Amino acid sequence: MYIAVALDGNHEPLLIAFALGTINCDNSWLWFMRRLKECLGDNTEVGFISHMYDSIDFAVQRVYPDSYHGYCCKNITEKIRASIGSNTVIEQLFWKTCKACNFSHFFAFLNSLKNEVNGNDLHWLDNIPIAKWVRASFPRVRFNVKFIDIPVVVNWLRTNTHEFPITTIIEMVHDSMQAVYLQCAAFGVHFTWDFHGLLTPYALKVIHKRFIHSDGCRITHIVGDKYEVSKYSTTESVQLDRGTCSCGKWQKCGIPCEHAIASLQRLEIAEIQQMVNLKLSTAVYPNAYQTETVNPIPTLRHWEIPVESVVVLPPRQFN
């Protein structure tokens, strides 16, 4: 099963395309990626996070050569566990390393990770380009994507598809998608009334958390919209008019970091909310779930039949 999942403005998985195939190979992923591009359009700006499969690399490079393509950090964590066994300290250090939003923090965490390994075999991690798994390398806004969260119905079908005819599988996924879209569309209608703000519940939760973390920050006004914010032993530079902080969180997550919020506390909460990326707003969220975007299953005469078709006989039944 080939799957393309996105994140909506409430940080929940949104299934945008799926396909079924016989084998996992370069040509299969290339076909899927081309169909995905036909659906999204040539002018859609996208980035990809995927498992570390050579076939996916192959397809992305040919169909979306100018797009960012990174690896699922959860997938890398599983490889770490396979290499050295379960080690909570090392895994936590790895997650801090991969979530680093600037390279100075990244290299500090990476050195701590290597020191903690104590000779255990993680040399293969050096062979994975940093740009593939470190958040600081992601261009523009990454929206806190660390791993691939597959919708429940698709995850279940991936391990149970042998029990159903292909047409039944397609209809089950389609019906589930339609139900999710309708539910989320109705949920989006009530955002403004229930949350009394401009942002989705996820964005409000992050803002609230960063307000708490901004407590104890020491703020120094430099000039214009530029501030220096110190807490503990670190000092970060915030430039409000550009929407940037040297910690990198604001740029990578689309939400002002605790340093920026400390500099913004003279403003009303609504003004701070307006500095959050538009994709996390209650105004944009419902657009992702317009039910007409769920394409119906075409009739049999419109199915794409491969030249070399394979006949699959039903299982034999014994009395």
Side-chain angles (χ1 to χ4, degrees), residues 11 70 73-74 76-77 80 84 87-120 122 125-126 128-147 199 202-267 269 271-273 275-277 280:
H11 207 255
C73 291
K74 188 175 182 180
I76 300 177
T77 305
I80 293 175
I84 64 173
N87 188 312
T88 303
V89 173
I90 290 177
E91 290 182 22
Q92 288 177 344
L93 276 173
F94 170 75
W95 280 110
K96 287 182 178 180
T97 305
C98 74
K99 291 191 293 184
C101 291
N102 67 41
F103 284 107
S104 62
H105 292 168
F106 163 71
F107 285 113
F109 288 132
L110 183 62
N111 288 334
S112 298
L113 177 63
K114 290 183 175 180
N115 291 334
E116 190 67 35
V117 171
N118 290 328
N120 283 315
L122 283 184
L125 188 60
D126 293 331
I128 303 176
I130 291 174
K132 287 286 192 180
W133 60 279
V134 180
R135 185 181 293 176
S137 299
F138 198 94
R140 301 182 182 86
V141 183
R142 180 163 174 153
F143 296 113
N144 201 28
V145 180
K146 298 186 291 292
F147 53 84
L199 306 178
Y202 162 75
L204 288 174
K205 181 179 178 180
V206 174
I207 283 283
H208 177 70
K209 183 178 179 180
R210 292 183 177 177
F211 261 106
I212 295 174
H213 288 172
S214 69
D215 187 39
C217 288
R218 299 185 303 276
I219 308 155
T220 303
H221 182 219
I222 305 302
V223 63
D225 275 347
K226 189 173 182 178
Y227 295 81
E228 280 191 352
V229 181
S230 302
K231 189 174 183 180
Y232 306 129
S233 59
T234 63
T235 299
E236 305 293 351
S237 178
V238 177
Q239 196 144 355
L240 299 178
D241 56 342
R242 296 185 179 180
T244 64
C245 178
S246 58
C247 78
K249 286 184 181 179
W250 193 355
Q251 301 92 293
K252 298 303 177 185
C253 299
I255 301 174
C257 59
E258 54 266 32
H259 312 106
I261 287 176
S263 306
L264 290 166
Q265 286 188 359
R266 70 185 187 281
L267 302 178
I269 183 64
E271 295 178 279
I272 297 176
Q273 289 184 10
M275 295 186 173
V276 175
N277 191 285
L280 299 171

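Quick caveat: nothing in here was measured; it's all calculated off a predicted structure.
- Taking the six-membered ring where tryptophan is involved, the planes of Trp133 and Phe94 are essentially parallel, since the angle between them stays under 30° and well short of 60°.
- Under 3.5 Å, the side chains of Thr244 and Gln251 contain no donor-acceptor pair of N or O atoms.
- For Asn277 (side chain) and Leu280 (main-chain N/O), no donor-acceptor pair under 3.5 Å exists by modelled atom type.
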Criterion side chain to side chain contact (heavy atoms under 4.5 Å, CB included) on Leu125 and Ile76, from CA distance to verdict: CA-CA 9 Å; Leu125 188 60; Ile76 300 177; 4.0 Å; yes
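- Nearest heavy-atom pair, Cys247 versus Cys257, reported as atom, atom and distance to 0.1 Å: SG-SG, 3.7 Å.
- Counting all heavy atoms, side chain and backbone alike, Val117 lies closest to Ile90 at CA-CD1, 4.2 Å.
- To the nearest 0.5 Å, atoms CD (Glu91) and CD (Glu116) are separated by 12.5 Å.
- Shown here is Lys132, whose NZ atom has more than 12 heavy atoms of other residues, nucleotides or ligands within 6.0 Å.
- If you take CD1 on Ile207 and OH on Tyr202, they are separated by 10.5 Å, rounding to the nearest 0.5 Å.
- For the atom pair CG (Leu93) and NZ (Lys114), the distance works out to 13.0 Å, reported to the nearest 0.5 Å.
- With hydrogens and angles disregarded, no donor-acceptor distance shorter than 3.5 Å links the side chain of Asp225 to the backbone of Gln239.
- For Leu264 against Pro256, the heavy-atom pair with the smallest separation is CD1-CB, 4.5 Å.
- Contact check for Val276 versus Val206: no side-chain heavy atoms found under the 4.5 Å cut-off.
- Between Phe103 and Phe106, the ring planes lie perpendicular to each other; the angle is over 60°, past the 30° to 60° tilted range.
- In this structure, Val229 and Ser263 have side chains that are in contact, with non-hydrogen atoms separated by less than 4.5 Å.
- In this structure, Ala260 and Leu240 approach most closely via the heavy-atom pair O-CD2, 4.3 Å.
- A distance of 8.5 Å separates CZ of Arg242 from NZ of Lys226, quoted to the nearest 0.5 Å.
- Distance alone, capped at 3.5 Å, is enough to place a donor-acceptor pair between the Ser246 side chain and the Ser237 backbone.
- Here the closest non-hydrogen pair linking Ile261 and Ser214 is CG2-OG, 4.0 Å.
- Within a 6.0 Å radius of NE2 in His221, more than 12 heavy atoms belonging to other residues, nucleotides or ligands are found.
- Within a 6.0 Å radius of NZ in Lys96, other residues, nucleotides and ligands contribute 12 heavy atoms or fewer.
- Taking every heavy atom of both residues into account, Gly248 and Asn102 meet most closely at N-ND2, 4.4 Å.
- Using a 4.5 Å heavy-atom threshold, the side chains of Thr97 and Ser112 count as separate.
- Looking at heavy atoms from C-beta onward, Arg210 lies in side-chain contact with Cys253 at the 4.5 angstrom threshold.
- In this structure, Tyr227 and His259 have side chains that are not in contact, with every pair of non-hydrogen atoms separated by 4.5 Å or more.
- Note that NZ of Lys249 and CD of Glu236 are 9.0 Å apart. Values are rounded to the nearest 0.5 Å.
- Taking the side chain as every heavy atom from C-beta outward, Trp250 and Ile255 never approach each other to under 4.5 Å.
- Remark: side-chain polar atoms of Glu258 are not paired, donor with acceptor, to backbone N or O of Ile212 under 3.5 angstrom.
- The six-membered or imidazole ring of Phe109 lies away from that of Trp95, with a centre-to-centre distance of 6.0 Å or more.
- In this structure a side-chain-to-backbone donor-acceptor pair under 3.5 Å is present from Lys231 to Asp215.
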